[in-house]
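In what follows, a structure is listed as structure tokens, so that the remarks can point back to it.
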Number of protein chains: 2
Amino acid sequence: MSAEAATGEAWEDITPDAARRLVVAAVQAFAERGYHATTTRDIAGRAGMSPAALYIHYKTKEELLYQISRVGHQRSLDMLREARDGGGSAADRLAAAVRAFVRWHAEHHTTGRVVQYELGALAPDHYGEIVALRRQSEDAIRAIVAEGVAAGEFDVPEVPGTTLAVLSLCIDVARWFNPAGRRTPDEVGALYADLVLRMVRAEGGPVADRDRPEAGDGGLQAVQDLPDPPETADRRRSDQQ
Amino acid sequence: MSAEAATGEAWEDITPDAARRLVVAAVQAFAERGYHATTTRDIAGRAGMSPAALYIHYKTKEELLYQISRVGHQRSLDMLREARDGGGSAADRLAAAVRAFVRWHAEHHTTGRVVQYELGALAPDHYGEIVALRRQSEDAIRAIVAEGVAAGEFDVPEVPGTTLAVLSLCIDVARWFNPAGRRTPDEVGALYADLVLRMVRAEGGPVADRDRPEAGDGGLQAVQDLPDPPETADRRRSDQQ
DNA sequence: GTCTATAGGTTGATAGAC
DNA sequence: GTCTATCAACCTATAGAC
């Protein structure tokens, strides 16, 4: 599978064709070199156009990054919410969430790198919008963990901290995954789902059925301490803890 | 504590004074904006010098990054080897490794971000040197995990994959840690050591003492499938799997 | 919509006075 | 060792022909 095929899958519905080619080219370039090291000439060249053609479809280089970041974050959020709202025990749903999220970060590791590691180059208003999506993704995982604890399926030292660790583990896959490596995206997803369940399982193993409080977050969703909103686009990097 | 104080701790023995100020300034700038978005003017300005003064102490901007990366990676490796060679059970030593590594990435998250996420901007020969240090860090963790499995203390689905996950979890702390957040570096270290032990623990809990094979790697250190060495400095990002 | 040409500004790094 | 001044290269984005 060519790099373009792997990168392009998520961008099928962008039209016109030239705009899609530019996004695909930008994802590859941003993932390889980083946003700031990538020139608009490079992007346009990869898309088979002159440097000026980029500006017919996108107002700035940052708008291209914003498009990539927005679609990628929305896709992640949909995926995690689908797992949260799916059937089965909390363990089933947490495993499904981790499997899907990890698989996506491995399969689309080029997109994943841009989505996860180039946030800091977004304009302040775009950054704010993306952070809102990230909080919602964290909420989805936290809900599953909290429900598992409430149901007696999980035993964790702390719900928000464990949620952070699970999310963190999945995100970092985009950084290290190498398609020429030993494992397929499916295998990494299965391995990580296994490891995460080991991390949260109650000592006696999952409880099949017992009296349990109403499922839901039950006030367990602590407000996150996020850093101050950015003054300029490049003044901060983290949006968690 | 000022940002400079937190960043500066690791660079005390760099002389002369101007060279140290430049490294500290570079760490802060690279962590905030990324290597490519940082100008030599910005670094020199933060260090209280003219743009040209930087070149008295460092031949290029990349040499500054290399210095930061080399010292940070060497410090990480020393830390992990000290835990590996320390006393106690495999669980004790794995917990010590995670606690120290996570604590360092939280406390020195500015340095950590540069060390972990700006590798891709290194010149090819410098990059190769850093990757060698990273492999040795991975070896240190893998040795502890393998020894725990051999001793019956740990039960993991796969030693190399579990090692990767542990390392990954620790590294990602540099990305998300926010000193204005809820947790201190010590608290994150303790939490993560707890979570990692849950991840690797044998179902029946640690085995106190039993017949066990000679401790050591025993051939369990699989050769890593690393990507091809870079042709140019900016052509690759990952060095694992 | 795409091109060539280029404006207008910034960059990494150097020259030479002190 | 540090400064001011500057160069040559390169960048993002725009103008205007087709």
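Every chain is numbered from 1 and lettered A, B, ... according to where its sequence line falls, protein lines coming before strand lines.
A salt bridge is defined here as a Lys NZ or Arg NE, NH1 or NH2 lying under 4.0 Å from an Asp or Glu carboxylate O, and B:R70 with B:E63 fails to meet this definition. Ionic pairing of B:R142 and B:E138 is present here: one or more N-O contacts between side-chain nitrogen and carboxylate oxygen are shorter than 4.0 angstrom. Salt-bridge check for A:D17 with A:R20: passed, with a basic side-chain N closer than 4.0 Å to an acidic carboxylate O. Note on A:R135 versus A:D139: no salt bridge recorded, every NZ/NE/NH1/NH2 to OD/OE distance being 4.0 Å or above.
Distance from the side chain of B:R41 is smallest for C:dG12 among the nucleotides C:dG12, C:dT2, D:dT4. Which of C:dA13, D:dA13, D:dC11 sits closest to the side chain of A:T39 comes down to D:dC11. Here C:dA5 is the nucleotide among D:dA13, C:dA5, D:dT4 with the atom lying nearest to any side-chain atom of A:A52. The side chain of B:A18 has D:dT2 as its nearest neighbour among C:dA13, D:dG1, D:dT2. Closest to the side chain of B:H57, out of D:dT2, D:dT14, C:dT2, is D:dT2.
Between B:I56 atom CD1 and C:dG12 atom C1' there is a gap of 15 Å when expressed in whole angstrom units. Per the geometry, CZ belonging to B:R33 stands 14 Å off C1' belonging to C:dT10, to the nearest Å. We find that CG of A:L54 is positioned 11 Å from P of C:dC3, with the value rounded to whole Å. Here C:dT11 presents its P atom at 9 Å from NZ of B:K61, a figure rounded to the nearest Å. When the C1' atom of D:dA13 is taken as reference, atom CG of A:L22 falls 15 Å away, rounded to whole Å. In this structure, B:Y58 places its OH atom 14 Å from C1' of D:dG1, rounding to the nearest Å. Atoms OH (A:Y35) and C1' (D:dC11) sit 12 Å apart, rounded to a whole Å.
When the side-chain nitrogen and oxygen atoms of B:Y55 are compared with OP1 and OP2 of C:dA13, one or more of them lie within a distance under 4.0 Å. A sub-4.0 Å separation between OP1 or OP2 of D:dC11 and a side-chain N or O of A:H36 is absent. Put simply, B:T40 has a side-chain N or O that comes within less than 4.0 Å of OP1 or OP2 on C:dG12.
The closest side-chain heavy-atom distance from A:W104 to A:V173 is not below 4.5 Å.
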